[in-house]
Amino acid sequence: MSSYAAFYRQSIDERDAFWAEQARRIDWHTPPQTICDYSNPPFARWFAGGTTNLCHNAVDRHLAARAQQNALVAISTETDTERAYTYAELHAEVQRMAAVLQALGVRQGDRVLLYMPMIAEAAFAMLACARIGAIHSVVFGGFASGSLASRIEDAEPLVVVSADAGSRGGKVVPYKPLLDEAIELSRHKPAAVLMVDRGLAGAAMRAGRDHDWAALRAQHLDAQVPCTWVDATHPSYTLYTSGTTGRPKGVQRDTGGYAVALAASMRHIFQADPGDTYLCTSDIGWVVGHSYIIYGPLIAGMTTIMYEGLPIRPDAGIWWSIVEKYRVTHMFSAPTAVRVLKKQDPAYLSKYKLSSLKALWLAGEPLDEPTAQWIGSALGVPIIDNYWQTETGWPILTLCNGVEPQAARLGSPGKAVFGYNVKLIDEATGAELTAPNQKGVVAIEGPLPPGCLQTVWRDDERFVNTYWKSIPGRLIYSTFDWGIRDADGYYFILGRTDDVINVAGHRLGTREIEECIASHPNVAEVAVVGVADALKGQVALAFAVPKNAAGLEAPEARLRLEGEVMKLVDARLGAVARPARVHFVSALPKTRSGKVLRRALQAVAERRDPGDLTTMEDPAALAQVKALVTE
Ligand code: PRX
């Protein structure tokens with residue numbers, strides 16, 4: 001048995017001993033007595049009774065040995081700024097932020113919602129929350145007022161931290177008007193809003209509610225806010241993600257399990273050492289940003305780089321110039337970004353000295369072979385695919401323990417990661433598929449390892465019913481992804497089993513987009529499907545039935561309505577959710593019982609055979625779709 005196979009087996013067969021060992025990678029105020037309490041499945045309580053603090057492990061713990069080492073470098077090609085914070089400086093900034101949050105009334109267990117661009121203050125705010133035991137909930141800055149409002153309503157934050165604006169491709173995107181609108185829309189009203197003024201857009205401040213970060217920071221320059229020791233099971237954050245229904249789910253993460261899982265991943269997945277430098281190009285609004293821009297690298301004592309900007313601006317060499325300048329050792333990105341770079345002049349890759357780089361990890365969407373091969377030969381380092389979810393917080397499938405890059409199989413994110421008892425399940429019968437090369441649902445036998453979601457925020461029932469009861473006859477966690485496993489244990493991910501789509505690595509729920517489009521006064525019915533796209537992996541296509549088709553015969557009129565629908569999505573959900581096209585049809589293809597045949601729609605839009613259509617009510621509806629997409 002290879003050493004990884006033995007390591008993996010131990011993580012499953014001697015679970016508690018394995019994780020007790022990993023738990024020594026972090027500092028505990030009170031060491032845990034129990035490792036995994038799984039007396040009430042599927043709720044796993046990792047390290048219950050142990051007390052620790054995420055911010056202590058990410059910041060304070062490193063002060064003795066590396067106070068003067070850079071902890072965080074915030075680079076923005078949008079504002080042409082670059083600022084490095086040593087661990088000592090980060091420690092001071094986080095305490096200032098913590099003191100300000102406390103002054104605004106935040107106590108342990110309170111929620112703080114962050115709606116922020118990729119600026120250092122966002123990291124301060126996350127760490128400050130962790131420091132005082134408050135639960136942060138970061139909402140991606142690309143979301144608009146409707147998405148933000150539903151998250152404010154669910155998280156019920158006492159304080160919202162935001163900034164005047166984000167910026168993308170040189171275009172300033174004011175945040176404050178969207179935030180004000182979202183608070184207006186939400187039934188829950190935060191007591192205070194803390195605004196970071198970047199001097200980009202200005203912000204109308206509401207007296208009594210809105211506060212200026214710089215002004216309050218100045219009052220707390222010498223703040224000393226000790227870490228609050230919390231139980232390992234104390235929630236550290238919630239992060240909203242999409243599923244089958246329109247209502248986003250608040251994935252709730254614990255403290256101790258998460259810290260241990262990340263520390264273990266930094267060692268056994270990334271082989272990271274203190275002093276190494278990590279560049280993760282995700283956004284703090286996504287799970288990858290939480291785990292591998294902020295917490296993971298800092299827990300490991302690395303320097304982490306936060307980057308605001310596009311991968312091709314000012315030119316396609318920007319990331320590689322950062323790698324050269326900061327001697328980046330570990331890089332994490334998404335296949336879409338690499339496909340964008342692949343279209344640019346390859347000379348940008350040879351222009352910089354990249355000898356510091358050990359490997360590039362890619363996640364979030366399927367990594368296609370041409371992309372993997374191109375970037376692998378351009379960089380001359382291993383390209384390591386890894387598969388996971390917002391729910392799990394860290395990789396489920398990848399290659400661990402520095403296995404030789406030639407061990408990678410193109411198209412496969414690798415094998416089950418330690419701690420994850422991954423199974424393939426027959427969707428219809430619930431039976432485990434043990435023979436190689438069979439297609440099934442990728443599932444994980446409980447308990448989920450440390451670091452994974454504890455529950456859905458304030459909705460245990462939804463946690464159980466959504467994730468653990470979708471497979472008949474057994475309590476097992478479903479990833480909602482199809483997969484196969486070859487004879488050597490390598491998995492291949494074949495796409496979602498539900499209505500979630502993946503646009504440029506961004507996870508979107510088609511139902512959420514449908515609900516938004518259906519609120520247009522001239523839309524009677526709509527179906528949104530994800531369609532394969534060479535650059536973004538998938539794009540969303542909408543097929544809408546107008547309420548009043550009169551006047552829509554002219555192509556200009558249809559274009560105008562399409563434009564209105566897109567604007568509506570931009571305004572409510574954000575441009576990330578905007579469909580690539582909105583096609584108007586007289587009817588949607590449905591079964592006789594009235595269910596929209598989304599899979600048939602998707603197949604036809606991808607010019608594939610839609611398969612068995614015997615249950616279809618009106619074949620003309622699908623014929624119309626076919627004509628439209630071939631147009
Ligand atoms: O469908 C899988 C796809 O992205 C989903 C999770 O997205 P999200 O919650 O945003 O978390 C991303 C964390 C990296 C999965 O259910 N997915 C993620 N990584 C891969 C992937 N599909 C194929 N290959 C991957 N490496």
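Here, residue 1 is the first one in the sequence, and each next residue gets the next number. As the structure lists them, so they are numbered: ligands from 1, and atoms in each ligand from 1. Predicted model only: the values in this text are computed from it and were never measured.
Every atom of ligand 1 with a heavy atom of Ala363 under 4.0 Å away is listed here by number and element: 14 (C). Listed by number with element, the atoms of ligand 1 under 4.0 angstrom from any heavy atom of Gly364 are 3 (C), 4 (O), 14 (C), 17 (N), 18 (C), 19 (N), 20 (C), 21 (C). Close approach of ligand 1 to Arg507 (heavy-atom distance below 4.0 Å) involves ligand atoms 6 (C), 7 (O), 8 (P), 9 (O), 10 (O). In summary, the atoms of ligand 1 found under 4.0 Å from a heavy atom of Val287, numbered by their order in the structure, are 11 (O), 13 (C). Of all atoms in ligand 1, numbered sequentially from 1 with element shown, those under 4.0 Å from a heavy atom of Thr390 are 8 (P), 9 (O), 10 (O), 11 (O). Shown in contact with Asn502 at under 4.0 Å from a heavy atom are these atoms of ligand 1, numbered in order with element: 3 (C), 4 (O). Distances below 4.0 Å separate heavy atoms of Asp481 from the following atoms of ligand 1: 1 (O), 2 (C), 15 (C), 16 (O). The Pro366 neighbourhood of ligand 1 comprises atoms 22 (N), 23 (C), 24 (N), with distances under 4.0 Å to a heavy atom of that residue.
Ring to ring, Trp361 and Phe332 are not that close: their centroids are 6.0 angstrom or more apart. Remark: aromatic rings of Tyr278 and Phe270 are close, center separation under 6.0 Å. For His506 and Phe140, the ring centers are positioned less than 6.0 Å apart.
Of the heavy atoms in Arg496, only side-chain atoms (C-beta onward) come closer than 4.0 Å to ligand 1. Counting heavy atoms under 4.0 Å from ligand 1, residue Asn386 touches it through the backbone alone.
If you check the side chains of Tyr292 and Thr304, you find no donor sitting under 3.5 Å from an acceptor. With 3.5 Å as the limit, one finds a donor-acceptor pair spanning the side chains of Trp388 and Asn386. A donor-acceptor contact closer than 3.5 angstrom links the side chains of Gln22 and Arg25.
At least one cation-pi condition fails for Arg496 and Phe480: the charged atom is not both under 6.0 angstrom from the six-membered ring centre and inside a 45 degree cone around its axis.
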